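First up is the structure itself, then whatever we jot down about it.
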Amino acid sequence: MKKGLVLFLFLELFFTGCSSSSSPSSLSKGEYIFRHHDESLVQVEPIAPLKRAPYPWEENRQSHYPKITKDFFRCRGSSLNPVNLFQKEKEIVRFYDCGGVQKHGLPLRDQKEFIYPILIDLLNYIQTGTGKRVVITCGHCCPEHNAYLDPSRANQASKHMLGAEVDFYVQGLEEQPDHIVDLILAYYRKEPKYQGKKEFQEFKRYEQENRTLRVPPWYNKEIFVKLYRKNEGRDSDNRHPYPYVSIQVRYDWDRDEQVTYSWNKAFRNFHRR
Ligand SMILES: [Zn+2]
């Protein structure tokens with residue numbers, strides 16, 4: 001006990017001795033704060049919460065959705081899809097789906113995967129103009145997936161196989177496909193590269209006697225636009241309950257030529273992994 005007490009006194013002396021020469025109280029200069037006797041009565045403005053700067057997607061709703069690229073057009077086929085039985089004359093033919101994106105890529109042009117740029121531009125224009133998401137239900141179809149969707153003879157020259165056709169609807173505007181068609185027509189009126197070109201700016205209607213679609217399609221030199229009502233144009237890629245719009249490319253702007261189906265373009269010209 002005694003030893004502990006001595007040690008305590010020693011430490012006490014040591015520390016006070018050390019600090020006495022440079023004590024903060026002796027060095028610092030004080031400053032008096034004068035207060036008025038009724039200062040507490042001064043009205044203070046209530047604190048307003050600081051308004052934070054908007055995030056980019058709040059400033060501009062359109063930028064909320066990713067820009068559409070050719071990757072959005074990849075074949076929707078899947079080896080998990082059930083076999084499709086098709087009555088061909090007297091026999092039943094079985095159609096299996098392709099392996100999808102695991103097995104093959106997009107059509108090739110100059111050794112690169114290729115989708116006609118006008119389709120990508122139009123869909124981005126619609127997405128920006130509406131501020132709503134464009135949902136592609138069918139972009140590129142490889143020949144196997146195309147036959148699986150619809151093995152009928154009429155569908156075997158589909159431009160979906162060339163990357164020259166797209167089926168889509170717009171989320172939030174599912175029931176207003178006419179508005180989407182208006183936007184497509186407006187694109188050709190506004191876009192500078194079509195200025196003064198009547199064959200692009202003016203659309204005609206495709207009136208056919210035994211037409212399968214209730215709404216006659218629109219067309220100009222470059223594209224053909226179809227509007228499918230709720231009970232039209234259904235296949236396993238378009239199983240949704242909405243009307244949808246289909247754009248088909250008729251004219252290749254870059255090569256200045258008609259876009260036509262050929263077996264080589266459809267079967268030989270898409271990248272297999
Ligand atoms: Zn495929």
Side-chain angles (χ1 to χ4, degrees), residues 66-88 91-124 126-127 133-171 212 223-226 228 232-242 244-250 252 255 258-273:
K67 199 167 179 259
I68 288 168
T69 61
K70 61 187 174 188
D71 278 315
F72 287 61
F73 287 72
R74 295 198 181 274
C75 182
R76 300 299 191 268
S78 163
S79 52
L80 298 173
N81 281 339
V83 62
N84 188 9
L85 302 175
F86 187 69
Q87 183 82 40
K88 203 175 184 183
E91 57 177 334
I92 289 174
V93 188
R94 300 163 78 85
F95 285 92
Y96 294 93
D97 203 359
C98 74
V101 290
Q102 312 289 324
K103 296 285 176 194
H104 69 81
L106 295 171
L108 296 178
R109 176 180 282 194
D110 303 329
Q111 306 306 312
K112 283 183 190 158
E113 291 193 308
F114 177 80
I115 292 291
Y116 281 84
I118 181 63
L119 298 179
I120 300 172
D121 292 347
L122 277 169
L123 296 189
N124 277 314
I126 293 165
Q127 199 163 255
R133 187 196 293 271
V134 166
V135 181
I136 298 175
T137 51
C138 185
H140 169 237
C141 284
C142 69
E144 215 175 339
H145 184 58
N146 188 64
Y148 175 80
L149 288 180
D150 177 6
S152 69
R153 187 179 280 270
N155 190 45
Q156 297 321 298
S158 161
K159 284 187 183 173
H160 278 289
M161 290 188 273
L162 315 181
E165 191 165 346
V166 66
D167 302 342
F168 69 98
Y169 65 87
V170 180
Q171 237 172 30
T212 47
I223 57 165
F224 194 82
V225 183
K226 287 187 268 186
Y228 290 92
E232 295 172 332
R234 299 295 137 174
D235 54 31
S236 68
D237 274 3
N238 287 298
R239 272 178 296 192
H240 55 83
Y242 316 122
Y244 69 93
V245 177
S246 157
I247 310 174
Q248 194 188 100
V249 185
R250 305 179 65 218
D252 187 332
R255 292 191 171 176
Q258 294 294 311
V259 178
T260 47
Y261 169 84
S262 80
W263 189 90
N264 270 334
K265 280 191 219 167
F267 282 78
R268 289 228 173 116
N269 202 27
F270 75 103
H271 173 59
R272 288 184 180 82
R273 293 174 191 198

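Given the structure is predicted, the values throughout are model-derived calculations rather than measurements. Just so you know, these numbers use all the heavy atoms, side chains as well, and skip hydrogens, waters and symmetry mates. Throughout, residue positions are numbered sequentially from 1 according to the sequence presented. Note that ligands are numbered from 1 as they come in the structure, with each ligand's atoms numbered from 1 the same way.
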Open item on the list: Looking at the Zn ion (ligand 1), is there an N, O or S atom belonging to H145 that lies under 2.8 Å away from it?
Closed with: no
Open item on the list: Tell me whether the Zn ion (ligand 1) has H140 as a neighbour, meaning an N, O or S atom of it below 2.8 Å.
Closed with: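 Under 2.8 Å: H140 has no N, O or S contact with the Zn ion (ligand 1).
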Open item on the list: Angle at the Zn ion (ligand 1), SG of C98 to SG of C75, rounded to 10 degrees, please.
Closed with: 110°
Open item on the list: Among H145, H160, R76, exactly one meets side-chain hydrogen bond (donor to acceptor under 3.5 Å, both in side chains) together with D237. Which residue is that?
Closed with: H145
Open item on the list: For the residue pair N264 / S262, report whether a side-chain donor-acceptor contact shorter than 3.5 Å exists.
Closed with: no
Open item on the list: Parallel, tilted or perpendicular, judged at 30° and 60°: which one describes the rings of Y116 and F114?
Closed with: perpendicular
- [ ] For the pair Y244 and Y228, evaluate ring pair (Phe, Tyr, Trp, His ring centres under 6.0 Å) and give the outcome as yes or no after the intermediate values.
- [x] CA-CA 5 Å; Y244 69 93; Y228 290 92; 4.6 Å; yes
